[in-house]
Amino acid sequence: MKAIVIHAAKDLRIEESAVEAPGPGEVEIRLAAGGICGSDLHYYNHGGFGTVRLKEPMILGHEVAGHVAALGEGVSGLAIGDLVAVSPSRPCGACAYCLKGLPNHCFNMRFYGSAMPFPHIQGAFRERLVARASQCVKADGLSAGEAAMAEPLSVTLHATRRAGEMLGKRVLVTGCGPIGTLSILAARRAGAAEIVAADLSERALGFARAVGADRTVNLSEDRDGLVPFSENKGTFDVLYECSGAQPALVAGIQALRPRGVIVQLGLGGEMSLPMMAITAKELDLRGSFRFHEEFAVAIRLMQGGLIDVKPLITHTLPLADALKAFEIASDKGQSMKTQIAFS
């Protein structure tokens, strides 16, 4: 079978890889669609991010869906041909954090396409993928592309849980890439009354409006566009910071009302924080990392028509054009979510 393998920055190859047989409790999946994530782009463009660097060739990809091709011993609830979304999250289930109900913090996590440990955890961008049956969520009624969006949607559903009570809240989203726009969808579904989105790109803000933002602020045209929201100690109850950029975080903090909640999703490196403002306003700063049980919820929300991710899928290219797909995905001027069609 063919797989998409990164060797170093800008050294992406389609290579032959061995086909595995499913063991007990596992299924073989004929991959149909895979979305290119920001972390995939960091490996492609820079060879890693922060202190995480490629040390050996690694199959990329963790936003995937496909059709069940074979069942291992003891698998029930799935049938040959079923379309499934595959969660990339594979916690051990036995470490201290798993036993505390925090599987996204598993000591022994094997998350597809991660160079954090060595040897690296090989990813899911391959024509045939063997996964645990417990990773697979049936996606009847969805397209393969929609099913592959369950992973990034799960990230924002987890962030929304971290934010706490959302009903009637005023929300600011900074950074309107895939995670920012999906955060708008998640916040609205959770009951947010008003959502304002801010970004440097008018094109990105167009997607934010398309998925339901009430107002948008173009910070490239008006760098002080969020300043009016800081009057009278602030406007917003919740900030989803999805850009990973320090200026966005600082502006968002100024726009939060006292006892507001900051949910940090963007991973842009270390930042200096306005601690006096955080302290004086009694703000809560909450990290949000990956997801677990939210994955199945993401599928149900899409199946029920409660969240529509289709407007965010801007490009779908065949496996043979994987290099072109990564180049398109790297160009935020033309791509929101670029996916690869494996079959």
Side-chain angles (χ1 to χ4, degrees), residues 152-153 155-289 291 294 307:
L153 177 56
V155 169
T156 64
L157 294 176
H158 182 76
T160 301
R161 293 182 71 186
R162 293 284 296 137
E165 177 64 52
M166 193 65 65
L167 186 64
K169 302 293 187 181
R170 302 183 75 179
V171 173
L172 172 63
V173 177
T174 52
C176 297
I179 294 300
T181 48
L182 288 168
S183 293
I184 293 168
L185 288 164
R188 183 69 78 203
R189 178 48 50 191
E194 181 183 5
I195 302 174
V196 175
D199 199 282
L200 297 170
S201 164
E202 185 56 38
R203 185 176 185 277
L205 292 173
F207 283 100
R209 290 189 291 271
V211 298
D214 298 292
R215 298 174 62 182
T216 58
V217 178
N218 188 325
L219 295 173
S220 67
E221 296 178 355
D222 181 6
R223 61 183 300 176
D224 296 323
L226 291 177
V227 170
F229 296 103
S230 66
E231 296 175 0
N232 300 316
K233 291 196 174 184
T235 298
F236 299 105
D237 302 290
V238 178
L239 166 64
Y240 287 78
E241 205 306 287
C242 303
S243 72
Q246 180 176 315
L249 176 59
V250 172
I253 286 172
Q254 297 302 324
L256 278 173
R257 64 160 183 78
R259 297 200 175 180
V261 175
I262 307 155
V263 183
Q264 184 64 40
L265 290 94
L267 298 174
E270 299 302 323
M271 302 182 190
S272 296
L273 299 177
M275 290 307 301
M276 288 303 297
I278 292 172
T279 302
K281 286 190 174 185
E282 299 184 316
L283 302 179
D284 286 352
L285 174 57
R286 302 177 186 177
S288 183
F289 185 63
F291 54 86
E294 295 91 352
I307 285 182

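Shortest non-hydrogen contact noted between S288 and V155 is OG-O, 4.3 Å. Across all non-hydrogen atoms, the minimal contact from V171 to A192 is CG2-CB, 3.8 Å. Minimum heavy-atom separation, D199 to C176: OD2-N, 2.7 Å.
Taking E165 as the reference, nothing meets the side chain to side chain donor-acceptor pair (under 3.5 Å) condition, with sequence neighbours excluded. Every residue meeting the side-chain contact (heavy atoms from CB on, under 4.5 Å) condition with V196, not counting sequence neighbours, appears here in chain and number order: L172, E194, R215, V217, F229, F236. In this structure, A193 has no side-chain contact (heavy atoms from CB on, under 4.5 Å) partners at least two apart in sequence or on a different chain. Legend: residues meeting side-chain contact (heavy atoms from CB on, under 4.5 Å) with P247, ordered by chain and number and at least two apart, are A245. Under the rule for a side-chain contact (heavy atoms from CB on, under 4.5 Å), the partners of D224 that lie at least two apart in sequence or sit in another chain are D222, V227.
Considering only heavy atoms from C-beta on, C242 comes within 4.5 Å of S183 through its side chain. Put simply, the side chain of V263 does not reach to within 4.5 Å of the side chain of T160, judged on heavy atoms. Between F291 and L157, every side-chain heavy-atom pair lies at or beyond the 4.5 Å cut-off. No side-chain heavy atom of T174 sits under 4.5 Å from any side-chain heavy atom of L219.
A donor-acceptor pair under 3.5 Å links the side-chain atoms of Q264 to the main chain of G266, judged by distance alone. At distances below 3.5 Å, not a single donor-acceptor pair connects side-chain atoms of S243 with backbone N or O atoms of G175.
For residues 202-212, the set of pairs meeting the side-chain hydrogen bond (donor to acceptor under 3.5 Å, both in side chains) definition, not counting sequence neighbours, comprises E202-R209, E202-N218, R209-T216. Sorted pairs that involve residues 168-212 and meet ring-ring contact (aromatic ring centres under 6.0 Å, His included), not counting sequence neighbours, are lacking altogether. Applying the salt bridge (Lys or Arg N to Asp or Glu O under 4.0 Å) test to residues at least two apart or on different chains, the pairs with a partner in residues 271-286 are R259-E282, D284-R286. Here salt bridge (Lys or Arg N to Asp or Glu O under 4.0 Å) pairs that include residues 229-255, with residues two or more places apart or in two chains, are D237-R257. Contacts classified as salt bridge (Lys or Arg N to Asp or Glu O under 4.0 Å) and involving residues 177-191 (residues at least two apart or in different chains) are given here: R188-D214.
Distance check: L153 CG to H158 NE2 gives 13.5 Å after rounding to the nearest 0.5 Å. If you take OG1 on T156 and CD1 on I307, they are separated by 6.5 Å, rounding to the nearest 0.5 Å. Distance check, rounded to the nearest 0.5 Å: CG of L256 to CD1 of I278 gives 9.5 Å. Interatomic distance, I195 CD1 to M166 CE, rounded to the nearest 0.5 Å: 8.0 Å. With values rounded to the nearest 0.5 angstrom, T181 atom OG1 is found 11.0 Å from L205 atom CG.
No more than 12 heavy atoms of other residues, nucleotides or ligands sit less than 6.0 Å from atom CG of L267.
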Go through the steps to decide whether I253 and I262 satisfy the test side-chain contact (heavy atoms from CB on, under 4.5 Å), and finish with yes or no.
CA-CA 8 Å; I253 286 172; I262 307 155; 3.7 Å; yes

